Amino acid sequence: MQEKKYKFDTLSVHAGEKVEKTGTIAPPIYQSVAYPYYSAEYAAKLFRYEIEGYMYGRMDNPTNAMFEERIAALEKGEKAIGTSSGMSAEFLTCIHLLEQGDNFVTAGKIYGGTNQLFSVTLPKMGFKPKFVYEPEKLENWENEIDDNTKFLYLETPSNPNLFIGDITRVAKLAHEHEIPLIVDNTVASPALQQPLNLGADIVVHSATKYLSGNSTCISGVIVGKSDFINGIREKEYRNIGPSISPFNSWLLLLGMETLSLRMEKHSKNALAIAEFLQEHSKIVSVNYPGLKSHPQHELAKKQMKGYSGLLSFVTKGELEDAKNVLNSFQLIIHTGHLGTTKTLATHPAFTTHQQLSQQEREEIGIPDTMIRMSVGIEDIEDLIEDLDQALTKIK
Ligand SMILES: Cc1ncc(COP(=O)(O)O)c(C=O)c1O
């Protein structure tokens, strides 16, 4: 398929497919860990990376390659590499770019697991994170950059605050210092935001979320320039083994076919819920980039095509009130996941961001009475009815 001439929705359905070669219109699952080396010379060349071909299932697989081609096409990147989870995508990206004694600068407003990777695991290897707690101010990033800084890291929209980082401006700053900008594009997905087109150099995803779309697989992906992705595949991916399974790539290929349609409905439902919550007497505040009251609404409007399905809100009353709301949902499911067809809600301070200290949570704006909601694609009237009855539990 000549991918370059097709538009986004066509690529979502077709990029990476090999219909003529496979003889099937649905992608096959190549459930094989090894591939024949056609001659000793072929094998030697393959292992010297002089020719293209499949080496061994830990490094490459034809179903994984279809998924990687498709997501690279959707993110407008040269190449992609599928990983076992979003966390392993982040980890591989970081350790590929860092040497002992190096540091990196990251927005403080990020997913709790990423915070722990940065603040607990990477420092054990001699890599230092520098957190920017007011990432909307570019000078705060600049002040942290020094000769040992190897990349800048942005998650936008962020989980669970829905902070919107200015990809173009942060990328420009990174390039002035000759370092790359990595963007976690999990919450927007390429249907709503294409960080590489906005100047970022590397995109990482928890493909577990919107790319798969219906909570069936833990997976991740890194997208970037060919040299960068090849470098990871030839070194850290091969040496550590965080490969994606062919079955999960297959689920992702199916999921991505409906990405735009789903993101449109997620965004529409989330805006309706955010507007409902904004007017509700039991709610202190609502974080949703689609609301005009959101501090970076104009920026979101500029760099995103829609505002996605994630929002968070702070309830009136005490911690018990927020817990009562979560315990009272009948349709909405109480769980820590996000980015799926079903509407889910969780309590970041006690689940996804529980490993952070109270002070760290306060610094990044996660009060105990915050509830995060990942709005699904159900009928909006049913969701609002459930939310409304649960909010009556607040005293
Ligand atoms: C924004 C973001 N990035 C990365 C991750 C990690 O992804 P995974 O659970 O696939 O490892 C998550 C998980 O919730 C997330 O929300």
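As the structure lists them, so they are numbered: ligands from 1, and atoms in each ligand from 1. Note that the structure is predicted; figures quoted are calculated from it, not measured.
R262 has no carboxylate O lying under 4.0 Å from a charged side-chain N of E257, or vice versa, which leaves the two without a salt bridge. Between R48 and E50 there is a salt bridge, since at least one side-chain N of the basic residue sits less than 4.0 Å from a carboxylate O of the acidic one. Taking a cutoff of 4.0 Å between a charged side-chain nitrogen and a carboxylate oxygen, D321 and K282 do not qualify as a salt bridge. Of the charged side-chain nitrogens involved, none lies within less than 4.0 Å of a carboxylate oxygen, so that E41 and K45 do not count as a salt-bridged pair.
Ranked by closest heavy atom to atom 2 (C) of ligand 1, the top entry among N159, D184, T83, T156 is D184.
Residue H205 does not touch ligand 1, judged by heavy-atom distances below 4.0 Å. Contact annotation: for I110 versus ligand 1, there are no heavy atoms closer than 4.0 Å. With a 4.0 Å cut-off on non-hydrogen atoms, K209 touches ligand 1 through its side chain and not its backbone. Neither the backbone nor the side chain of S158 has any atom closer than 4.0 Å to an atom of ligand 1 (non-hydrogen atoms only).
Regarding atom 4 (C) of ligand 1, its nearest protein heavy-atom neighbour is E90 OE2, 3.2 Å. Nearest protein heavy-atom neighbour of atom 10 (O) of ligand 1: T208 OG1, 2.6 Å.
Listed by chain and number, the residues in a side-chain contact (heavy atoms from CB on, under 4.5 Å) with Y42 are Y37, Y38, S39, L46, I51 (sequence neighbours excluded).
The shell of residues lying under 4.0 angstrom from ligand 1, judged by heavy atoms, excludes A207.
Close contacts between ligand 1 and E155 involve ligand atoms 1 (C) [criterion: under 4.0 Å to a heavy atom]. Atoms of ligand 1 lying under 4.0 Å from any heavy atom of S219, numbered from 1 in the order shown and given with element: 10 (O). Residue contact check: G86 has heavy atoms under 4.0 Å from atoms 7 (O), 8 (P), 10 (O), 11 (O) of ligand 1. Close approach to L338 involves these atoms of ligand 1, each under 4.0 Å from a residue heavy atom: 16 (O).
Separation of the Y210 and H205 ring centroids does not fall under the 6.0 Å cut-off. A distance of 6.0 Å or more separates the ring centres of H280 and F313. Aromatic ring centres of F104 and F118 lie closer together than 6.0 Å.
When only interatomic distances are considered, the shortest N/O to N/O separation between V187 and ligand 1 does not fall below 3.5 Å. Between I218 and ligand 1, a contact under 3.5 Å exists for no N or O pair.
The main-chain N or O of P246 is never found under 3.5 Å from a side-chain atom of T63 such that the two would form a donor-acceptor pair.
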